[in-house]
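Single-structure report; data block below.
Along the sequence shown, the residues carry numbers beginning at 1. Both ligands and their constituent atoms are indexed starting at 1 by order of listing.
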Amino acid sequence: MPTMLTDVFRGHPIHLPHSHQPDFTSLRELPDSYTWTPKDDLLFAAAPSPPATGENIPLIDLNHPDAANQIGGACRTWGAFQIANHGVPLELLQGIEFLTGSLFRLPVQRKLKAARSETGFSGYGVARISSFFNKQMWSEGFTITGSPLNDFRKLWPQHHQNFCDLVEEYEEQMQKLASKLMWLALNSLGVSEEDIEWASVNSDLNWAQSAFQLNHYPVCPEPDRAMGLAAHTDSTLLTILYQNNTAGLQVFRDDLGWVTVPPVPGSLVVNVGDLFQILSNGLFKSVLHRARVNQTRSRLSVAFLWGPQSDTKISPVPKLVSPVGSPLYRSVTWTEYLQTKATHFNKALSMIKNHREE
Ligand SMILES: O=C(O)CCC(=O)C(=O)O
Ligand SMILES: [Fe+2]
């Protein structure tokens, strides 16, 4: 039995008592513990992209004949893109948004019945990355791995079955879509199935595993001084994000600063994760991103976190390593990488970099 994602976090507990989770609706002022300054996050004050540049992550129509190249280009330059015509029914996206809204609207005491334990992975709580920062984030989250039945039963003792079915259906759709996107991006680099034996298109996807992270960013009295979710990269191969119609997600580019990703109804945001950067030998960039908050509208997002089985060795595809060079990264399993990330956070990728001999 391979190690599951859930096992990794037993060794890396989050020591944040749930009493830290405030009832956001009752706060009229930003408490000190939620007030961010540049010294709390070096990138907090990094310049926002000047609106005049108009540059943003591309919106790619998956039915377009050139979609693979467009995706490949976006993975190289941005590490992120939006997709339209992705085949996931609009009613399913609306259903997931309704579920997420219903969950976070529950009274705090009810949500805490499904609180994530200190060493756990699933359930209600603060952002997992909170332990790397001195300040609290203006958000609440709920993580789902495997069946949500046990947790959903605690939240909705009577009516949880429809929501469980919805999660199952969404997961199925997301898994198919994630695999399709990965192969489109890899095909654009001339990489095909024969080049990666563990990830066959025709398999029933049992080489992959996933989790959902539901996020809620409540209305905030002082959004400019608060942080919804601090800058991070995802430890996945790919993340597919659904956001409601309130802006807040920002991606970072060295040459542009923070760029806000506008919500496009019915579309999905795709992030390149750290493992895809490794697999592509650094050609694709795992995108640094964060979520800001808002004074008038709350925001919801649902991140589908997707990667390989925990014990699969991920290493740069040999075809993408120059004949005279060595791979940019050494090989790691998802479990090993998550352990590195849990200790070194945003420096994890550089920890597994091969140092080239000059
Ligand atoms: O809420 C968002 O837009 C970003 C969420 C995110 O980055 C995450 O859950 O990893
Ligand atoms: Fe993320």
Under 3.5 Å, side chain of Ser139 to main-chain N/O of Gly228, donor-acceptor pair present? yes
Donor + acceptor pair across side chains of Gln136, Ser33 (<3.5 Å): no
Atom indices of ligand 1 within 4.0 angstrom of Tyr217 heavy atoms, with elements: 1 (O), 2 (C), 4 (C), 5 (C)
State whether Trp78 and Arg253 meet the cation-pi test: NZ (Lys) or CZ (Arg) under 6.0 Å from the six-membered ring centroid, and within 45° of the perpendicular axis. yes
Is a side-chain donor or acceptor of Arg290 paired with a backbone partner of Met227 at a separation under 3.5 angstrom? no
Atom 9 (O) of ligand 1: which protein heavy atom is closest, and how many Å away? Asn215 ND2, 3.1 Å
Thr312 side-chain N/O to Pro308 backbone N/O, donor-acceptor pair under 3.5 Å: no
Here the atoms of ligand 1 under 4.0 Å from any heavy atom belonging to Asp234 are 10 (O)
Give the atom numbers and elements of ligand 1 that come within less than 4.0 Å of a heavy atom of Leu229. 5 (C), 6 (C), 7 (O), 8 (C)
Atom 10 (O) of ligand 1: the protein heavy-atom neighbour that sits closest, reported with distance to 0.1 Å: His232 NE2, 3.2 Å
Here the atoms of ligand 1 under 4.0 Å from any heavy atom belonging to Arg299 are 1 (O), 2 (C), 3 (O)
In Asp234, the N/O/S atom nearest the Fe ion (ligand 2) carries the name OD1
For Ala303, atoms of ligand 1 separated by under 4.0 Å from a heavy atom: 9 (O)
Could you tell me whether Lys176 and Glu171 have a side-chain N and a carboxylate O separated by less than 4.0 Å? no
So, 4.0 Å and heavy atoms of Gln213: is ligand 1 close enough to count as a contact? yes
Give the contacting part of His289 toward ligand 1: side chain, backbone, both or neither, where contact means a heavy-atom distance below 4.0 Å. side chain
Main chain of Asn271, side chain of Thr239: is a donor-acceptor contact present, judged purely on distance under 3.5 Å? no
